Enquirer: 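Got a structure here, written out as structure tokens. Questions coming.
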Amino acid sequence: MNIGIIGTGYVGLVSGVCLSAIGHTVICVDNDKEKVKKLKNGIATIYEPGLQELMTKQIKKKKLLFSDSIKEAAKKSQVIFIAVGTPSKKNGDADLTYVENVARQIAESMDSYKLIVEKSTVPAETGKRIEHTIKLNLPKQARNRSVPFDVASNPEFLREGSAIADFMNPDRVVIGVESKKAEELLKEIYKPLKTKIIVTNMTSAEIIKHASNSFLATKISFANALSQICDRVGADILKVTEGMGYDQRIGSSFLNAGIGFGGSCFPKDVDAFIRLSEKSGYDFHLLKAVRQTNEEQKAAFVRLIEDKLWIVKGKTIGVLGLAFKPNTDDMRNAPSVDIITRLQAEGAKIKAYDPQAMEQAKKVFKDVTFCADAYGVAKSSDCVVVLTEWDEFRKIDFKKLHKVMRQPMIFDGRNLYKNDNLVELGFEYYGIGRGEKS
Ligand code: UGA
């Protein structure tokens, strides 16, 4: 099938490359001409494991094209996915300006049946608004002929860092449709994946996306709240969540306590879902507590460091990991930003290393010394703080690390060193909720 994807961010680019890999001819569009130039030259504009290779392959096969013209994509494609950004406004609402603009431009280019699919995460009823915008903006000659079109919702559940695998082996595909034709087209698109397809109406599909992210965020905040109790009563969060996770009704994933969730999705989607609920007349207390718990978790970690270091002013703190999670260079809403900024405000000097996110991080932080590896970070540092659980940090030579540090102190914000005997190696070790801080 001929497919257009508008927006080549994380969602758009990964979806475009993968849809082409499962047999479709895809044209990806972005209004950033520089970006399109790079993509046309075969350069992936984001870091995502496996993406560059797959993209190169599909370009060679001529199944993957790039353009800066929505008009071109709309002409060439029967199905057009909208995958542009929906950033948060100051009040937590999703800013849908880009979605509206794209819908208008698609409408202006329509000359035959099109299925327009929202892939960006949007509040409930955005699909209906897109439909209305398209109707209002059809070209005059098309308006008279009433060009047929459908709007559908097809939320994505891709995790950064494993997005290609998530796309190719999804737990489910959700399609929110209002017509049989839209249902058939979307089923046809995803047929090669041989996966469970949940068919619903457009608004339910939109809610499924917000509800899924909010539920996962709730699970994390629950584990983080538990970690606080574990520390106070002398229990070990790792054992507690292991004991809970074997219950199939609970499950063990997304129960890892840490320094709070970040990224471009959970914080934004939780905010947007709270706002949507408010507007619909329901006060989503539960989600407000999830958001608050997440903020408190970062603050509690900073307090722990401040307490154990005793004097923060003038101390050198070595930070391992800056990205909001491993296997990505994404710094959006990374807990590292809050934590480092707070420590700097207390007068700490920060050295940092991240395997992928340093370029992005340089745009975010002031007065941070970036190092080439973990040992560079540890050298002459008064403590090492782990903020992202990169695999590389699991393989650290702790004897070497111990030798170069000024003080052998480790704050493990991701419980990465679960069973390593860091205490025996001479470190003072603090994890999250390990029952050792009281
Ligand atoms: C999330 C969802 O998992 C995807 O299904 C969804 O498609 C995506 O948002 C989106 O809406 O686009 P992502 O933001 O890439 O994906 O990252 P996650 O792996 O879900 O992690 C989110 C945050 O939660 C990270 O900061 C991570 O460190 C944190 N986390 C995750 C925990 O603190 N504990 C856990 O047990 C799991």
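Whatever order the structure lists ligands and atoms in, that order sets their numbers, starting from 1. In this text, all values refer to a predicted model and were calculated from it rather than measured experimentally.
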Enquirer: Using a plain distance cutoff, I'd like to know if Asn256 has any nitrogen or oxygen under 3.5 Å from a nitrogen or oxygen of ligand 1.
Expert: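 So ligand 1 has an N or O lying under 3.5 Å from an N or O of Asn256.
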Enquirer: Which of the atoms in ligand 1, numbered in the order shown and given with their element, are less than 4.0 Å from a heavy-atom of Glu160?
Expert: 15 (O)
Enquirer: Do the side chains of Glu184 and Lys181 get close enough for a salt bridge, i.e. N-O under 4.0 angstrom?
Expert: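 Salt bridge: no.
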Enquirer: So which bit of Leu255 gets within less than 4.0 Å of ligand 1, heavy atoms only: side chain, backbone, both or neither?
Expert: backbone
Enquirer: Checking a contact table here: which protein heavy atom is nearest atom 25 (C) of ligand 1, and how many Å away?
Expert: Phe324 CD1, 3.6 Å
Enquirer: Measure the distance from atom 3 (O) of ligand 1 to every protein heavy atom, then report the residue, atom name and distance (to 0.1 Å) of the closest one.
Expert: Arg159 CG, 3.3 Å
Enquirer: Between Lys187 and Glu183, is the closest basic N to carboxylate O distance under 4.0 Å?
Expert: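 Here Glu183 pairs with Lys187 in a salt bridge, since their nearest N and O are under 4.0 Å apart.
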Enquirer: If you measure every N/O of Phe266 against every N/O of ligand 1, is any gap under 3.5 Å?
Expert: no
Enquirer: Checking the side chain of Lys114 only, and the main-chain atoms of Ser77 only, is there a donor and an acceptor separated by less than 3.5 Å?
Expert: yes
Enquirer: What pair of heavy atoms forms the shortest contact from Thr86 to Ala94, and how long is it?
Expert: O-CB, 4.4 Å
Enquirer: What atoms of ligand 1 come within less than 4.0 Å of a heavy atom belonging to Lys209?
Expert: 6 (C), 7 (O), 10 (C), 11 (O), 12 (O)
Enquirer: On a heavy-atom basis, I'd like to know which of Phe261, Phe254, Tyr10 is closest to atom 37 (C) of ligand 1.
Expert: Phe254
Enquirer: With heavy-atom distances below 4.0 Å as the criterion, list the atoms of ligand 1 near Phe157.
Expert: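 Heavy-atom distances to Phe157 below 4.0 Å select 4 (C), 5 (O), 6 (C), 7 (O).
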Enquirer: Which of the atoms in ligand 1, numbered in the order shown and given with their element, are less than 4.0 Å from a heavy-atom of Glu156?
Expert: 7 (O), 10 (C), 11 (O), 12 (O)
Enquirer: If you measure from each heavy atom of Gly262 to ligand 1, is any distance below 4.0 Å?
Expert: yes
Enquirer: Decide whether the shortest distance between a heavy atom of Cys265 and an atom of ligand 1 is less than 4.0 Å.
Expert: yes
Enquirer: Within ligand 1, which atoms have a heavy atom of Arg414 less than 4.0 Å away?
Expert: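 Result: 28 (O), 33 (O).
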Enquirer: If you take the nearest heavy atom of each of Leu158, Asn327, Ile220, Asn415, which one is closest to atom 31 (C) of ligand 1?
Expert: Ile220
Enquirer: Using a strict 4.0 Å threshold on nitrogen-to-oxygen distance, state whether Lys128 and Glu131 make a salt bridge.
Expert: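 Answer for the salt bridge query: no.
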Enquirer: Quick one: does Thr121 get an N or O within less than 3.5 Å of an N or O on ligand 1?
Expert: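 Thr121 vs ligand 1: no N/O contact under 3.5 Å.
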Enquirer: Are Glu100 and Arg104 within salt-bridge range, i.e. N to O under 4.0 Å?
Expert: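 Salt bridge: yes.
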Enquirer: Are the aromatic rings of Phe398 and Tyr417 close, with centres under 6.0 Å apart?
Expert: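 When the ring centroids of Phe398 and Tyr417 are compared, they turn out to be within the sub-6.0 Å range.
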Enquirer: So does Lys288 pair up with Asp283, basic N to acidic O under 4.0 Å?
Expert: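 Looking at Asp283 together with Lys288, the answer is yes, because their closest N to O distance falls below 4.0 Å.
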Enquirer: Counting only heavy atoms, tell me which of Arg332, Lys219, Lys325 gets closest to atom 21 (O) of ligand 1.
Expert: Lys325
Enquirer: With a 4.0 Å cut-off on N to O distance, would you call Glu278 and Arg275 a salt bridge?
Expert: yes
Enquirer: Is the His210 ring parallel, tilted or perpendicular to the Phe273 ring (thresholds 30°, 60°)?
Expert: parallel
